[in-house]
Amino acid sequence: MTFPIDQAKRLPPAFYQNHTANVAQDLIGKAIAHRVRQTWVGGVIVETEAYLHSGDPASHSARGKTASNASMFDRPGVMYVYPIHAKHCLNAVTEDTGIGAAVLIRAIEPLWGLEMMCERRGLMGELRGHTERRRLTTGPAMLCQALGIDRRDDGRCFVTDPDLGFFDLGPPQKRRIVATPRIGISKAQHRKLRFIDADSKFLSRPYRD
DNA sequence: GCCAAGATAAACT
DNA sequence: GTTTATCTTGGCA
């Protein structure tokens, strides 16, 4: 399948200029894609987390701007890539320039460039069903690797970069969007700032009521 | 300069 | 469900 770039609408700057929790929720069902040498790789977002600019000790911005989190304080729509445990996580800056708010993309349903994803993830010919495809992008570090994004891509922009973006694929489908506590953090664990498409088979962990 | 911690994921039992 | 490989960052000496 080729990426329907001509039919897809790139999300405008205004999309990011809302409360971070709303942006995180609205990104469920949108597409993310990255093009390297003519090949678009990406899929549909099924899991996100909001990291707020104030009152959120779990956010990287909680202790102010440093050299490593600087792009989290850049313009809305800029990509913040952070290394962790020898891997990477990918965020989109939200709200306003200089405040330090972002949405972490945690999982996508892979749709375009599956062979490229397999190659980058070190998997061979594992495209048969969704159980195999789950090994591609069902975690923030996995999807970064599958999309070919690392710390060098920190600071690129989802709005202006011709090879990187979020896209609206058209009429929204019926989705059961659920808010849950965020994963893997030690502070502010009670806050429900993780948003999922509850019926997706591509969550980092399956949802049950 | 040293060292503990971390928005993880794979390999275990 | 639990353990562990792996390495950048930032706080402190």
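Below, chains carry the letters A, B, ... as their sequence lines are ordered, and counting in each starts from 1.
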Could you go through residues 21-29 of chain A and list every donor-acceptor pair under 3.5 Å that involves a side-chain atom there, pairing it with any protein atom two or more places apart or in another chain?
none

- Message: Between A:His60 and A:Tyr82, does the ring-ring contact (aromatic ring centres under 6.0 Å, His included) criterion hold? Intermediate values first, please.
- Response: CA-CA 9 Å; A:His60 287 169; A:Tyr82 188 76; 4.1 Å; yes
- Message: Show, in sequence, the C-alpha distance, side-chain angles and deciding distance for A:Arg133 and A:Cys118, and conclude whether the side-chain contact (heavy atoms from CB on, under 4.5 Å) test is met.
- Response: CA-CA 9 Å; A:Arg133 276 188 291 150; A:Cys118 280; over 6 Å; no
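Residues satisfying the salt bridge (Lys or Arg N to Asp or Glu O under 4.0 Å) test with A:Arg175, not counting sequence neighbours, are A:Asp197. A:Ser204 pairs by the side chain to side chain contact (heavy atoms under 4.5 Å, CB included) definition with A:Glu47, A:Arg106, A:Ile183, A:Arg194, not counting sequence neighbours. Qualifying side chain to side chain contact (heavy atoms under 4.5 Å, CB included) partners for A:Val159, counting only residues two or more places apart in sequence or in other chains: A:Pro13, A:Tyr16, A:Cys157. With sequence neighbours excluded, the residues that form a side chain to side chain contact (heavy atoms under 4.5 Å, CB included) with A:Ala179 are A:Lys192, A:Phe195.
A pairwise comparison of heavy atoms in A:Ile99 and A:His53 identifies O-CB, 3.2 Å as the closest pair.
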Show each protein N/O and nucleotides 2-6 of chain C N/O combination with a separation under 3.5 Å, one pair to a line.
none

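The closest donor-acceptor contact from the side chain of A:Asn91 to the backbone of A:Tyr80 lies under 3.5 Å.
Among residue pairs with one or both ends in residues 67-96 of chain A, none qualify as salt bridge (Lys or Arg N to Asp or Glu O under 4.0 Å); sequence neighbours excluded. For residues 168-187 of chain A, the set of pairs meeting the ring-ring contact (aromatic ring centres under 6.0 Å, His included) definition, not counting sequence neighbours, is empty. Sorted by first then second residue, the salt bridge (Lys or Arg N to Asp or Glu O under 4.0 Å) pairs that include residues 35-44 of chain A, not counting sequence neighbours, are A:Arg35-A:Asp163.
Scanning DNA chain B 5' to 3' for nucleotides with an atom closer than 4.0 angstrom to a non-hydrogen atom of chain A gives a first and last hit of B:dG6 to B:dA10.
Within residues 53-75 of chain A, the residues approaching DNA chain C are A:Thr66, A:Ser68, by heavy-atom distance under 4.0 Å.
Relative to the ring axis of A:Tyr51, A:Arg182 places its NZ or CZ within 45° and under 6.0 Å from the centre.
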- Applying the Watson-Crick and G-U criteria (both distances under 3.5 angstrom) with [ ] for crossing and | for other-strand pairs, one obtains for DNA chain C |||||.||||||.
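A:Leu104 comes within contact range of at least one nucleobase, with a heavy-atom separation under 4.0 Å. Within 4.0 Å (heavy atoms only), A:Arg194 reaches no atom of the nucleic acid at all.
One interatomic measurement links the two molecules: CD of A:Gln145 to P of C:dC7, which rounds to 13 Å at whole-angstrom precision.
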